[in-house]
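Report on one structure; see the data block that follows.
Worth knowing before you read on, the calculation uses all heavy atoms, side chains too, and leaves out hydrogens, waters and symmetry mates.
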Amino acid sequence: MPTGNFDATPSEPPPADSPRRRFRLPADYYSTPLSEVRPIFPRWVPYGCGIAAAVFTVVLFATGAILTGPRLAQGVDFVIGMSLGDVRGMFQGVSTEQKDAFEREVKAMRDGLTAKQVPVSAVQPFLQSMQKAISDKRVTPEEVEQLTGAAREASKAR
């Protein structure tokens, strides 16, 4: 066997004195004929991932179609109902009159929402005001007035 410079083709076995690697170098991989290249993943992997992506896309669009109808209003009403329990526990220095006015306006807004008289988009300013009011874990009389006004404006959008 010749020593020194030699031109080995990929089909020839490596010389006996060369170190045996446990991995293939990229140059070796790309210089090997396609018939000798062993795939990294099984043949079914691209099909399985493609089918999973298609199913996910169909489910995503179906969920969006379901939620654009009256169920969206029900979902927003549910979120408001769950948040009101938290808001009531955060009142600090709020008078009974302010609490009653707040409850009346929110009830009117929620009734209009579930009766499809108030569009969901009109409720967004109320939700943003509520998020801002409860961010510091307390609701002041000024914030209750803002929330009451936002609920009143949403109810007017009928």
Side-chain angles (χ1 to χ4, degrees), residues 10 20-158:
R20 196 80 175 137
R21 290 186 213 100
R22 294 187 314 173
F23 58 90
R24 182 182 288 185
L25 293 174
D28 294 337
Y29 177 83
Y30 288 112
S31 65
T32 307
L34 286 177
S35 61
E36 295 178 18
V37 175
R38 200 176 83 230
I40 296 173
F41 295 110
R43 187 180 180 112
W44 61 267
V45 169
Y47 299 113
C49 291
I51 290 170
V55 167
F56 176 76
T57 303
V58 168
V59 168
L60 182 69
F61 280 107
T63 304
I66 289 170
L67 289 179
T68 57
R71 289 187 180 90
L72 178 61
Q74 292 171 348
V76 171
D77 181 51
F78 177 75
V79 168
I80 292 171
M82 294 296 290
S83 299
L84 284 178
D86 294 335
V87 170
R88 289 180 188 119
M90 294 180 193
F91 285 150
Q92 289 186 354
V94 179
S95 68
T96 306
E97 296 82 24
Q98 286 178 316
K99 289 179 187 177
D100 292 340
F102 172 71
E103 293 293 335
R104 271 193 314 273
E105 293 299 332
V106 170
K107 181 174 179 1
M109 178 186 66
R110 289 181 69 192
D111 290 344
L113 187 64
T114 55
K116 301 177 191 167
Q117 296 173 344
V118 173
V120 175
S121 61
V123 180
Q124 185 177 3
F126 172 77
L127 292 173
Q128 289 172 339
S129 297
M130 185 166 55
Q131 180 184 11
K132 189 175 168 184
I134 64 175
S135 65
D136 59 353
K137 306 283 189 229
R138 62 186 183 124
V139 180
T140 62
E142 295 80 22
E143 292 171 332
V144 170
E145 290 299 324
Q146 290 175 349
L147 288 170
T148 304
R152 188 176 302 120
E153 288 300 316
S155 295
K156 287 181 185 178
R158 292 180 184 200

Check your understanding: Hey, mind stepping through V76 and L127 against side-chain contact (heavy atoms from CB on, under 4.5 Å) and telling me if it holds?
Key -> CA-CA 9 Å; V76 171; L127 292 173; 4.2 Å; yes

Exercise for review: Take atom CD of Q128 as the centre, draw a 6.0 Å sphere, and report whether it contains more than 12 heavy atoms from other residues, nucleotides or ligands.
Suggested key: yes

Check your understanding: Counting only N and O atoms by type, is there a donor-acceptor contact under 3.5 Å from the side chain of Q98 to the main-chain atoms of S95?
Key -> yes

**Study point:** Separation between OG of S155 and NZ of K107, rounded to the nearest 0.5 Å
**Key:** 11.0 Å

Review point. Do side-chain atoms of E105 reach the backbone of F102 as a donor and acceptor pair under 3.5 angstrom?
Key: no

Revision key, fill the gap. CG (L72) and CD1 (I66) are apart, to the nearest 0.5 Å, by 12.5 Å

Exercise for review: Measure the shortest side-chain to side-chain distance between Q74 and T114 over non-hydrogen atoms and say whether it is less than 4.5 angstrom.
Suggested key: no

Check your understanding: Could you give the distance from CZ (F126) to CZ (R152), rounded to the nearest 0.5 Å?
Key -> 12.0 Å

Study note, to complete from the structure: dist K137:NZ -> Q92:CD (nearest 0.5 Å) comes out at 12.5 Å

Check your understanding: What pairs of residues pass the salt bridge (Lys or Arg N to Asp or Glu O under 4.0 Å) test when at least one of them lies in residues 71-84, not counting sequence neighbours?
Key -> D77-R110

Check your understanding: Minimum heavy-atom separation for P125 to S121, with atom names?
Key -> CD-O, 3.8 Å

Check your understanding: Which residues pass the side chain to side chain contact (heavy atoms under 4.5 Å, CB included) test with V79, sequence neighbours left out?
Key -> S83

Review point. Side chains of L147 and M130: does their closest heavy-atom pair fall under 4.5 Å?
Key: yes

Check your understanding: Is the shortest heavy-atom distance from the side chain of M109 to the side chain of V123 under 4.5 Å?
Key -> yes

Point to revise | Validation row: V118, D111 side chains within 4.5 angstrom (heavy atoms) | key: no

**Study point:** Salt bridge flag under 4.0 Å for residues R88 and E103
**Key:** yes

Review point. Is any side-chain heavy atom of P141 closer than 4.5 Å to a side-chain heavy atom of V144?
Key: no

Review point. Below 4.5 Å, heavy atoms only, C-beta onward: do T140 and R138 meet side chain to side chain?
Key: yes

